[in-house]
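Note: hydrogens, waters and symmetry copies are ignored here, and every other heavy atom, side chains too, is used. Below, read A as the first sequence line, B as the second, and so on, with proteins coming before strands; counting in each chain starts at 1.
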There are 2 protein chains.
Amino acid sequence: MVKYVGPSLNATFSALADPTRRAIVARLGEADFSQGVSVGELAEPFDMSPPAISKHLRVLEHAGMLTQQRDGRVRRCRLDPKPINEAAQWIEHHRQFWNHQLDALAGFLESAGGDDVGFGIDGNHPGEEGGP
Amino acid sequence: MVKYVGPSLNATFSALADPTRRAIVARLGEADFSQGVSVGELAEPFDMSPPAISKHLRVLEHAGMLTQQRDGRVRRCRLDPKPINEAAQWIEHHRQFWNHQLDALAGFLESAGGDDVGFGIDGNHPGEEGGP
DNA sequence: CATATACTTAACCAAATGGTTAAGTATGTA
DNA sequence: TACATACTTAACCATTTGGTTAAGTATATG
């Protein structure tokens with residue numbers, strides 16, 4: 001039984017796969033929510049034509065990560081965090097499995113005697129509940 | 001100053017954007033690390049030709065998420081969690097900003113008087129340190 | 001040695017992606 | 001009213017993606 005989560009994760013991860021879009025998301029995240037950020041302001045850091053930015057914004061909008069609101073001739077953009085939160089949940093859910101198994105893997109590597117098998121084992125499990 | 005994180009995030013998010021690849025990652029995560037999973041076992045749930053699976057595996061491999069090891073005529077696959085951990089870190093880092101700002105947004109919505117602006121505000125911030 | 005198994009590589013194809021320029025559209029301003 | 005501003009839409013293009021089938025490679029087995 002393979003749990004199918006719907007097309008939203010496709011759109012979200014796909015949207016995050018582009019560095020321009022990640023930068024836009026980052027900028028929107030840091031901006032003042034009540035103000036929003038105009039398309040022009042979002043476009044300013046990039047050496048790219050306005051239509052290219054417009055396309056990126058529609059990708060984010062289609063993924064449900066961005067909402068636009070007209071304010072005169074300016075369009076103010078805001079981030080909707082729900083899709084990224086769902087993507088984060090997907091990762092977190094599955095990380096629980098493999099972070100649990102990393103201990104077993106460490107044991108496997110020791111018993112195998114090889115100290116370089118090409119895995120990125122560095123003992124760093126970010127996001128792990130490190131509490132008491 | 002836009003912090004450039006390198007091409008690995010591109011490859012990781014891009015790899016996760018495909019449902020077949022997410023299912024493979026999920027299966028690898030649940031599997032026994034010391035055993036690995038053969039390509040045939042990974043391919044079995046999908047109605048897809050062997051070359052298609054092979055391509056998906058190379059995408060995951062190129063993203064650094066998968067390592068293969070020959071064992072006779074079988075190739076055992078294992079998950080390398082490092083890239084996904086980095087992707088999770090990127091999301092977590094930026095979520096700190098906008099989850100912080102959601103409070104301000106709630107206030108903005110109240111003062112604006114509109115109770116339906118199209119945002120997905122549901123008071124649900126998954127991953128937030130939810131106390132003891 | 002001959003054949004089956006477990007894949008991969010090569011060649012091809014349709015559709016999607018990420019960019020461009022040119023031409024709209026809607027709003028503000030002289 | 002005329003023009004500038006802030007975008008979007010349309011049309012086009014090269015590259016990438018996700019699939020196919022056919023052929024190749026390496027290992028196990030009769």
Rounded to whole Å, please give me the gap between [atom1] in [X] and [atom2] in [N].
X     : N      : atom1 : atom2 : value
A:D18 : C:dT17 : CG    : C1'   : 9 Å
A:R58 : D:dA10 : CZ    : P     : 9 Å
B:I24 : D:dG18 : CD1   : P     : 12 Å
B:R73 : C:dA6  : CZ    : P     : 6 Å
A:R75 : D:dT9  : CZ    : P     : 7 Å
B:D47 : D:dG19 : CG    : P     : 11 Å
A:E41 : D:dT5  : CD    : P     : 17 Å
B:R70 : D:dA26 : CZ    : C1'   : 5 Å

Exercise for review: Evaluate side-chain contact (heavy atoms from CB on, under 4.5 Å) for A:V25 paired with A:L79, printing each intermediate quantity in order.
Suggested key: CA-CA 7 Å; A:V25 165; A:L79 193 70; 4.2 Å; yes

**Study point:** Minimum-distance nucleotide (side-chain atoms of A:P51 versus C:dA22, C:dG19, D:dT21)
**Key:** C:dA22

Review point. Picking from C:dC7, D:dG19, D:dT8, which would you name as closest to the side chain of A:Q68?
Key: D:dT8

Practice item. Please determine if A:E92 and A:R95 form a salt bridge, counting it only when a charged side-chain N lies under 4.0 Å from a carboxylate O. Key: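 Salt bridge: yes.
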
Point to revise | B:L57 CG to B:R75 CZ distance, which is reported to the nearest 0.5 Å | key: 10.5 Å

Review point. Is A:R76 touching bases, backbone alone, or none of the nucleic acid, heavy atoms closer than 4.0 Å?
Key: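 Nothing, no heavy atom under 4.0 Å.
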
Point to revise | Whichever of B:S49 and B:D71 has its nearest DNA chain D nucleotide further upstream toward 5' | key: B:S49

If you compare every side-chain N and O of [X] against the phosphate oxygens of [N] (OP1, OP2), does one of them come in below 4.0 Å?
X     : N      : value
A:S54 : D:dC7  : no
A:H56 : C:dG19 : yes
A:R21 : C:dG18 : yes

Point to revise | Polar contact flag, side-chain donor to acceptor under 3.5 angstrom, B:R78-B:Q69 | key: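 Yes, side-chain donor-acceptor contact under 3.5 Å.
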
Review point. Between A:H93 and A:F97, how do the two ring planes meet: parallel, tilted or perpendicular, split at 30° and 60°?
Key: perpendicular

Review point. If each of B:L57 and A:M48 is mapped to the nucleotide of DNA chain C with the nearest heavy atom, which maps nearer the 5' terminus, i.e. the 5' end?
Key: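 The residue whose closest nucleotide sits nearer the 5' end is B:L57.
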
